[in-house]
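One structure is given below, encoded as structure tokens.
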Amino acid sequence: MTKWVYGFGGGSADGDASMKNLLGGKGANLAEMSSLGLPVPPGFTITTEVCTWYYANGETYPADLETQVQAALAQVEGVVGKTFGDAANPLLVSVRSGARASMPGMMDTVLNLGLNDQTVEGLAALSGDRRFAFDSYRRFITMYSNVVLGIGHDQFEEILDDHKDRLGVVIDTDLTAENWEKVVADYKALVEQELGKPFPQDPKDQLWGAVGAVFESWMNDRAKFYRRMHDIPESWGTAVNVQSMVFGNMGETSATGVAFTRNPSTGENKLYGEFLINAQGEDVVAGIRTPQSLTRAGREEMGETALSMEEAMPTVFSQFVDVTGRLEGHYRDMQDIEFTVEQGRLWMLQTRNGKRTAKSALKIAVDLAHEGVISHDEAVSRVEPAALDQLLHPTLDPNAARTVVAAGLPASPGAATGKVVFDADEAERLGQQGDAVILVREETSPEDIHGMHAARGIVTARGGMTSHAAVVARGMGRPCVSGAGEISINEKAGTFIARGRVFKAGEVITIDGGKGEVLDGAVAMIEPELTGDFQTLMAWADEVRRLKVRANAETPLDARTARGFGAEGIGLCRTEHMFFDDTRIAAVREMILADDEQGRRAALAKIAPFQKSDFVELFTIMSGLPVTVRLLDPPLHEFIPHSDADIDALAAGSGLDAEKLKRRARELHETNPMLGHRGCRLGVAYPEIYEMQVRAILEAALEVKAASGVAPIPEIMHPLVALGLEMKYLRDLTDRTAEAVFGEAGDRVEYLVGTMVELPRAALRAADLAEHAEFFSFGTNDLTQTTFGISRDDSGRFLQAYLDKGIFENDPFVRLDQNGVGDLIRIAEERGRTVKPGMKMGICGEHGGDPSSIAFCEEVGLDYVSCSPYRVPIARLAAAQAALSARSGVEREKDR
Ligand code: ADP
Ligand code: MG
Ligand code: MG
């Protein structure tokens with residue numbers, strides 16, 4: 001018999017923290033906390049396997065599920081001493097979703113389930129607090145209607161607002177028992193009117209309704225979007241946790257809150273969090289009331305007057321501090337914790353490894369290693385490489401003038417400039433157009449996720465440091481200012497007012513998420529300084545890394561940036577970029593128009609000095625490090641205009657013959673340029689072009705060697721080779737030219753000759769190529785194009801349909817297709833090294849900066865990856881993690 005239900009609470013549990021796949025993160029950790037003897041309200045978890053079963057079997061349940069749920073419920077009733085559905089002594093429960101990876105705000109929780117017209121009276125009598133009982137009942141009706149019955153929140157809010165207006169009351173806690181009873185009556189009437197039947201009164205129906213809703217929510221749009229964004233497979237499914245209720249809304253000695261054992265923005269080792277007295281569950285994160293700080297230090301720092309938990313509830317606070325310390329020690333990582341105090345008694349409702357900014361992830365990993373809690377290697381594996389991106393980008397220049405238009409909370413660090421947008425859909429639309437936008441909202445909810453993703457930054461007028469906006473923005477690495485109360489938004493008019501100034505949609509603002517400020521206009525930014533924890537962690541990463549990391553760079557600026565980020569050479573210098581420069585394009589066109597070899601040579605002689613000086617600069621910057629130079633690759637017609645009008649304009653300006661240009665343009669026209677006269681096919685047809693380039697490279701190397709005493713190591717790379725004889729021809733051409741250069745100079749430098757492997761035939765016949773090549777560089781952009789037969793430039797039209805239908809799991813141009821393209825790389829590696837053992841091999845496509853593709857390169861045994869300069873640190877860390885998991889033989893559990 002399959003065990004579908006796992007109990008927890010009362011000092012023991014059926015499951016533990018290692019069972020996340022089966023119990024979901026929340027369920028596994030509730031079980032673990034119970035076994036640790038922490039105060040956890042008893043409950044049970046319905047496994048993720050039931051979710052999978054549910055979808056595999058036409059949305060039905062396994063036959064024995066109901067019996068198992070009943071048994072687990074009876075167990076809980078025994079521990080708590082209450083009975084589900086009992087009119088005098090009712091057990092109430094929460095129904096909570098919980099997947100393997102935390103999906104904050106993705107699926108909603110129902111609290112106070114089990115209440116109906118009878119049990120609410122029992123709760124009132126038992127607690128001696130009628131107000132509390134009806135407050136709980138109205139919360140339950142709202143949540144259940146919203147999550148299970150599909151009736152929107154706002155209709156309930158309208159009813160409540162009407163009541164408050166009529167009573168002249170502003171905050172919810174001022175409503176009396178009688179007031180809440182009337183609200184409840186109106187709520188029930190609303191449900192009946194909407195559904196044509198009354199609000200479900202049978203607690204069993206309520207329970208199964210909520211369980212079904214959790215499973216259903218696994219497939220809602222928000223959840224799907226979140227999964228896609230975070231790479232979470234649909235097949236995982238969610239668990240359902242049913243847990244006995246504890247009440248933070250039982251008066252002044254009750255409270256509910258959230259805490260981080262360290263600061264999730266900065267990583268500082270101080271308990272950090274918020275709580276609300278006399279409140280329940282989501283009140284803290286929903287931004288409806290402004291929460292108070294947990295600690296006195298926190299309160300003082302924020303300049304708040306309302307007492308902190310430390311001051312208002314000192315006894316239970318110190319007990320809580322003990323528990324948080326134990327949890328962090330136990331999990332050996334920063335914890336994100338939910339708790340409730342019911343009449344002075346502490347209850348733990350959730351713990352998990354806390355989401356954090358890149359800055360804080362670095363600090364926490366390095367600190368934990370220094371504290372001796374984790375090893376250096378573990379610290380290296382704790383930081384998500386892609387998250388480093390947040391640190392590699394500019395922040396506001398502290399010396400730039402700034403006009404603060406509103407102050408709020410520093411909810412997620414970093415700076416961003418963009419146009420004001422009030423609506424998530426609009427943010428997405430403009431974002432796709434390439435516009436930088438700042439999403440400005442009263443507060444955010446899970447419906448806004450796509451807009452937050454598309455925005456450069458987020459501002460909310462309401463909500464605290466743990467509001468939805470703050471948590472999600474930190475997770476996404478978007479700068480965010482939350483709770484900017486000075487902003488008053490008029491969404492209909494498309495404006496907001498702050499400090500007396502009106503801002504329209506489309507106006508440019510800047511936000512400083514580290515300070516919590518909204519600024520007028522665009523503000524100057526500065527490059528990040530990568531010192532301290534960043535350097536420490538990178539040094540630890542470099543110790544375990546096997547793969548070398550190079551950069552794709554051709555300009556001096558890119559080369560310098562790359563070195564600054566720790567690149568160990570250039571893996572791809574594309575020479576055609578150098579041809580487009582204003583100072584040389586004229587000579588390039590002259591070469592293209594030339595009628596014969598002599599004419600071409602004359603034009604090339606004009607380009608040569610420019611090429612040489614480019615390489616001198618590059619070799620000087622990369623002093624002593626290898627530089628792979630790819631000879632001319634694109635078809636020649638890319639260098640001349642195409643339309644007659646453009647050609648006429650060019651001819652008029654340059655004195656070139658317009659008719660001749662047009663004729664040449666027609667001659668060079670190709671139906672399929674990607675597969676046309678490009679790559680080494682240029683070098684075979686016009687060897688003088690490649691000769692000029694080889695000469696420029698080697699003369700530059702000699703010059704730098706003479707000037708600096710450090711000999712550069714040029715690696716001359718021939719693109720688009722498919723045949724062994726092609727490679728031999730190019731190799732001979734290169735060596736012959738080199739010998740001529742060395743003879744003239746009376747000096748030599750070392751150089752390598754190799755090819756970019758970007759055609760399936762090249763990979764398959766790698767042994768033929770290896771006879772004449774000293775290195776392979778896998779050009780995985782073109783190799784992906786040529787393997788799939790998909791043009792990168794045209795794939796946009798249909799790729800989305802493939803992604804939507806799940807035929808492609810990822811865009812193969814972003815994440816290497818490890819099966820197909822991967823096979824070709826494996827074959828080329830093996831066949832190449834059979835001929836030339838230890839042959840140098842690397843990868844230089846976009847994939848060189850993608851962590852999962854880097855792991856593949858480690859596995860295949862390549863020597864280096866090469867990526868864009870800003871991704872170099874990401875690649876260094878990813879390469880270190882790949883080496884660590886290769887060493888341990890197990891794949892590192894990804895922190896999603
Ligand atoms: P989420 O994943 O969105 O955080 P949760 O299931 O953790 O959803 O619950 C939402 C809120 O309800 C949290 O504040 C949580 O602490 C509270 N909550 C959940 N279960 C209970 C319970 N049994 N008693 C009291 N509060 C609860
Ligand atoms: Mg929730
Ligand atoms: Mg939670």
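Residue numbers count from 1 along this sequence. Start at 1 and go down the list; that is how both ligands and their atoms are numbered.
Judged by the 6.0 Å distance and 45° axis criteria, Lys3 is positioned over the aromatic ring of Tyr6. Cation-pi contact between Arg227 and Trp218: present, with separation from the ring centre below 6.0 Å and deviation from the ring axis of at most 45°.
For ligand 1, the atoms lying closer than 4.0 Å to a non-hydrogen atom of Thr109 are 5 (P), 6 (O), 8 (O), 9 (O), 10 (C). Atoms of ligand 1 found under 4.0 Å from any heavy atom of Gly281, numbered from 1 in the order shown, are 11 (C), 12 (O), 14 (O), 17 (C). Below 4.0 Å from some heavy atom of Leu111 lie the following atoms of ligand 1, by number and element: 12 (O), 18 (N), 19 (C), 20 (N), 21 (C), 27 (C).
A heavy-atom separation below 4.0 Å is found between Lys26 and ligand 1. Gly248 does not count as a contact of ligand 1, since none of its heavy atoms falls under 4.0 Å from the ligand.
Polar contact with ligand 1: absent for Ser97 (N/O pair, distance under 3.5 Å). Any N or O atom pair closer than 3.5 Å counts here, and Thr340 shares no such pair with ligand 1. Residue Ser244 has at least one nitrogen or oxygen atom sitting less than 3.5 Å from a nitrogen or oxygen atom of ligand 1, judged on distance alone.
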- Task: Could you please spell out the steps behind the salt bridge (Lys or Arg N to Asp or Glu O under 4.0 Å) verdict for Arg262 and Glu328?
- Result: CA-CA 9 Å; Arg262 299 180 189 226; Glu328 190 183 277; 2.8 Å; yes
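Counting only heavy atoms from C-beta outward, the side chains of Ser94 and Val242 never approach each other to under 4.5 Å.
By the 4.0 Å N-to-carboxylate-O rule, Glu338 lies close enough to Arg96 to be salt-bridged with it. The residues Glu442 and Arg462 are annotated as salt-bridged, a charged nitrogen and a carboxylate oxygen being separated by less than 4.0 angstrom.
In this pair, Phe140 and Phe199 present their aromatic rings perpendicular. The plane angle is above 60°, beyond the 30 to 60° band. Ring planes of His230 and Tyr226: parallel class, angle under 30° (limits at 30 and 60°).
Heavy atoms of Glu338 found under 4.0 angstrom from ligand 1 belong exclusively to the side chain. With a heavy-atom cut-off of 4.0 Å, Gln243 touches ligand 1 through backbone and side chain alike.
With sequence neighbours excluded, the residues satisfying side chain to side chain donor-acceptor pair (under 3.5 Å) with Ser308 are Glu311. Partners of Asp129 according to the salt bridge (charged side-chain N to carboxylate O under 4.0 Å, His left out) rule, which considers only residues two or more places apart in sequence or in another chain, do not exist here. With sequence neighbours left out, Phe134 forms a ring-ring contact (aromatic ring centres under 6.0 Å, His included) with no residue at all.
Around the Mg ion (ligand 3), the protein atoms of type N, O or S that sit closer than 2.8 Å are Glu338 OE1, Glu338 OE2, Gln350 OE1.
Across the listed options Leu30, Val110, Val246, Val246 owns the non-hydrogen atom lying nearest to atom 25 (C) of ligand 1.
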